[in-house]
Amino acid sequence: MKYLFFSFYNKSPILETEGEIIKNLLKNKDNEVHNFYLSQILIQDAPFIWPKKKRIYKFLDFMLPEKKMLGLINNERLIVHNFDISEKKNFFLSYKNNNDLKKIKYKNFDIGLGILSSLITTEKNPNIQTKEFKKRIDYLLQSGSNFFDFASEKIDLIKPDKIYLFNSRFLYPRAVLRAAQRKKITYQVFERGSRFNTYYIYDRSLLSIKDWEYNVNKVWTLQKNKKKMFNDIKRWFKSRIKGSAKFQHWRNYTKNQKKNFIHKNKKLKIVVFFASSEDEYAANENIYKSYFKSQVGAIKAAINVIKKLKNHILIIRPHPRLISENFKKEMHTLENLKKYSIKNKIIFHDAGTKINTYSLIKCADTILSLGSTTGLEAAYMGKKHILLGRARYGFLKFSYEAKNKNLLKKFILSKKIKNNSGIFKFLNYIINRNIKFKYFQFYKSTEIEPYRGKFMGKDLMKKNIFEKIILKFLKIY
């Protein structure tokens, strides 16, 4: 069989995951792998490329991680193609804001959404102003559309049986996805697994609720040992409460939350809004969409409802990762809502609060979210969970969905908690979707270098003294 990769990113663990898949494919002597390495060719559309701002000179490309990986794999059935992407001028409708940009398409390629998704992730800002980034957006419209045509031509030329791509949300991977769909070529999407030493391959992209439903149900169907599954879920949840990162690919943000939430007035009903970090969600409305236009709109709706309810208080809890300098724009947007604070009624926590998330959930009567993992955990703990927007797990029906303020009020006042049996399907998907790495081993110091490790015994990201001297001289970091 013939397989095709378009490789845009050369940072860990994306590059090593690709290498792992290629190594496994080449075990079969009848397989042939074709690859285009594009990290040094296309304008960056996501923060997963080294070097970040400069390009490596052609005669120094031996320093590139992908070159080092190719040397390790060293197989004649891995064919790396030379290429030249034409730069023809394509014309697009004018845009004044994000909504206009989202609507821009090139053939069947939703290029506007791809650009917005890339910008939001790169800038760590869900409220991208198109006027501020117009020059970059215009360049990406040309680059993305030209690359879509390039990918389509190469698919016709190589005639692969299957295409592999990373993530599919960003501009260039999305172009490959749409080209594959247009050509009716089978594709698979790879991503990090839910544990440090794992990855996962999806049969579909994760750009729609139907795709999520398909992938979740597939993993559920493949799970034959339900007893083991329930034990895995218990272990995963316990590790989350303890602040361990053992069973997840992100760092555990509750590790330093040492204070328990103390609920003094038992007559008060506590409603907690767990705000999400929006960088992954803001440009993916097929999965995540606030019923109140935005997360800020949803929080305002909750404030307006709680203000009118006696014996109810609202606590707004930002995502802990927003404490990072990288997310200062998003955090600033949420902090602007503090003007709506009311003593002992509408309470805002800081992103870096030491109050433990799980002790807060335990004391709460109702949890509000836009589809966060915390909302999932709250439902697992038997709490009433209300979604204020479309979410990846909404199809499992263990949460209420408040599409307006009247429904939000009704569900907050309701004493009924929905059956949460569907939650096990999703938790099983999170925990047991994984494929264990064979050729890539993560370092143990996961909190320091969460995604670094050795592929086939070599750290692809590590530079020797000679390389460091050259890079320092050229001011490439």
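Computed from a predicted structure; not experimentally measured.
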*Start with the C-alpha gap between Phe166 and Phe8, add the side-chain angles, then the distance that decides, and say whether ring-ring contact (aromatic ring centres under 6.0 Å, His included) holds.*
CA-CA 9 Å; Phe166 168 72; Phe8 310 101; 9.4 Å; no
*asked:* Show, in sequence, the C-alpha distance, side-chain angles and deciding distance for Lys68 and Asp459, and conclude whether the salt bridge (charged side-chain N to carboxylate O under 4.0 Å, His left out) test is met.
replied: CA-CA 9 Å; Lys68 295 177 181 180; Asp459 185 341; over 6 Å; no
_The test is side-chain contact (heavy atoms from CB on, under 4.5 Å); show your working for Ser372 and His319 and say whether it passes._
CA-CA 9 Å; Ser372 66; His319 195 290; over 6 Å; no
*When you look at Thr186 and Ile163, which way does the side-chain contact (heavy atoms from CB on, under 4.5 Å) test go after all the steps?*
CA-CA 6 Å; Thr186 302; Ile163 295 173; over 6 Å; no
*Start with the C-alpha gap between Lys105 and Asp110, add the side-chain angles, then the distance that decides, and say whether salt bridge (charged side-chain N to carboxylate O under 4.0 Å, His left out) holds.*
CA-CA 5 Å; Lys105 287 195 171 188; Asp110 42 356; over 6 Å; no
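A pairwise comparison of heavy atoms in Gly389 and Leu370 identifies N-CD2, 3.7 Å as the closest pair. Nearest heavy atom pair, residue Glu467 against residue Lys463, reads OE1-CA, 3.2 Å. Contact between Leu460 and Leu15 at its shortest, heavy atoms only, is CD1-CD2, 4.0 Å. In plain terms, the two heavy atoms of Leu376 and Leu427 that are nearest each other are CD2-CD2, 3.7 Å. Heavy atoms only, all atoms of each residue included: Phe109 and Gly144 are closest at CE2-O, 3.7 Å. Closest approach of Asn215 to Ser205, counting heavy atoms only: ND2-O, 4.0 Å.
A salt bridge links Asp149 with Lys107: the distance from a Lys NZ or Arg NE/NH1/NH2 to an Asp or Glu carboxylate oxygen falls below 4.0 Å. A salt bridge links Arg235 with Asp232: the distance from a Lys NZ or Arg NE/NH1/NH2 to an Asp or Glu carboxylate oxygen falls below 4.0 Å. Between Glu123 and Arg136 there is a salt bridge, since a side-chain N of the basic residue sits under 4.0 Å from a carboxylate O of the acidic one. Salt bridge absent: Lys2 and Asp161 never bring a charged side-chain N and a carboxylate O closer than 4.0 Å.
In this structure, Thr198 contributes its side chain and Lys436 its backbone to no donor-acceptor pair below 3.5 Å. In this structure, Gln40 contributes its side chain and Leu38 its backbone to no donor-acceptor pair below 3.5 Å. A donor-acceptor pair under 3.5 Å links the side-chain atoms of Asn108 to the main chain of Arg178, judged by distance alone. Between the side chain of Ser143 and the backbone N or O of Tyr139 there is no donor-acceptor pair closer than 3.5 Å. One N or O on the side chain of Thr130 and one on the backbone of Lys96 form a donor-acceptor pair closer than 3.5 Å. Between the side chain of Arg77 and the backbone N or O of Leu26, at least one donor-acceptor pair lies under 3.5 Å. Under the 3.5 Å distance criterion, the side-chain polar atoms of Gln142 are matched with a main-chain donor or acceptor of Asn90. Side chain of Gln441 to main chain of Gly453: no donor-acceptor pair is present (N/O by atom type, distance under 3.5 Å, no hydrogens or angles).
Proximity of the aromatic rings of Phe147 and Tyr172 is defined here by a centroid distance below 6.0 angstrom, and this criterion is met. Taking the six-membered ring for Trp and the full ring otherwise, the centers of Phe190 and Tyr164 sit at least 6.0 Å from each other. Under the 6.0 Å cut-off for aromatic ring centres, Trp212 and Tyr393 do not qualify, their centroids lying 6.0 Å or more apart.
For Lys103, the NZ atom is loosely surrounded, since the number of other residues' heavy atoms within 6.0 Å does not exceed 12. No more than 12 heavy atoms of other residues, nucleotides or ligands shown are found within 6.0 angstrom of CD1 on Ile465. For Lys27, the NZ atom sits in a packed shell: over 12 heavy atoms of surrounding residues, nucleotides or ligands are nearer than 6.0 Å. Environment of NZ in Lys338: crowded, with over 12 heavy atoms of neighbouring residues, nucleotides or ligands closer than 6.0 Å. Around the NZ atom of Lys293, the shell of radius 6.0 Å holds no more than 12 heavy atoms that belong to other residues, nucleotides or ligands.
How far CG of Asp100 is from CG of Asn97: 4.0 Å, rounded to the nearest 0.5 Å. Lys154 NZ to Ser152 OG: the interatomic distance, rounded to the nearest 0.5 Å, is 11.5 Å. With rounding to the nearest 0.5 Å, the separation of OG in Ser145 from NZ in Lys89 is 9.5 Å. The CZ atom of Phe170 lies 12.0 Å from the CG atom of Leu116; values are rounded to the nearest 0.5 Å. Atom-to-atom distance recorded for Asp30:CG and Leu25:CG is 12.5 Å, nearest 0.5 angstrom. To the nearest 0.5 Å, the span separating CD on Gln44 from OH on Tyr9 amounts to 9.5 Å.
Between the side chains of Lys88 and Asn146, no donor-acceptor pair is found at a separation under 3.5 Å. Judged purely by distance below 3.5 Å, without hydrogens or angles, the side chains of Asn167 and Glu191 pair a donor atom with an acceptor atom. Side chains of Arg174 and Ser117: a donor-acceptor N/O pair is absent below 3.5 angstrom, by distance only. The closest side-chain donor-acceptor pair between Gln188 and Asp203 falls under 3.5 angstrom. Inspection of the Asp211 and Ser208 side chains reveals an N or O donor paired with an N or O acceptor under 3.5 Å.
Put simply, the side chain of Leu72 reaches to within 4.5 Å of the side chain of Phe455, judged on heavy atoms. Here the side chains of Phe237 and Tyr358 are in contact, with some heavy-atom distance below 4.5 Å. Within the 4.5 Å cutoff, no side-chain heavy atoms of Asp350 are placed close to those of Pro318. A 4.5 Å side-chain heavy-atom check between Ile316 and Ile347 finds every atom pair outside the cut-off. Between Leu334 and Gln295, some side-chain heavy-atom pair lies under the 4.5 Å cut-off. Here the side chains of Leu141 and Asp138 are in contact, with some heavy-atom distance below 4.5 Å. Using a 4.5 Å heavy-atom cutoff, the side chains of Met461 and Glu16 are in contact. Using a 4.5 Å heavy-atom threshold, the side chains of Leu140 and Ile137 count as separate.
Residue Ile201 forms a side chain to side chain contact (heavy atoms under 4.5 Å, CB included) with just one option from Ile21, Val189, Thr17, and that option is Ile21. Looking at Thr121, Leu113, Leu206 one by one, the single match for side chain to side chain contact (heavy atoms under 4.5 Å, CB included) with Arg169 turns out to be Thr121.
Using cut-offs of 30° and 60° for the angle between ring planes, the Phe150 and Phe36 rings count as perpendicular.
Under the rule for a side-chain contact (heavy atoms from CB on, under 4.5 Å), the partners of Ser7 that lie at least two apart in sequence or sit in another chain are Phe5, Glu18, Asn35, Tyr37.
Taking the centre and axis of the six-membered ring of Phe274, the NZ or CZ atom of Arg317 falls outside the cone set by 45° and 6.0 Å. The cationic atom of Lys23 (NZ for Lys, CZ for Arg) lies less than 6.0 Å from the six-membered ring centre of Tyr439 and within 45° of the ring axis.
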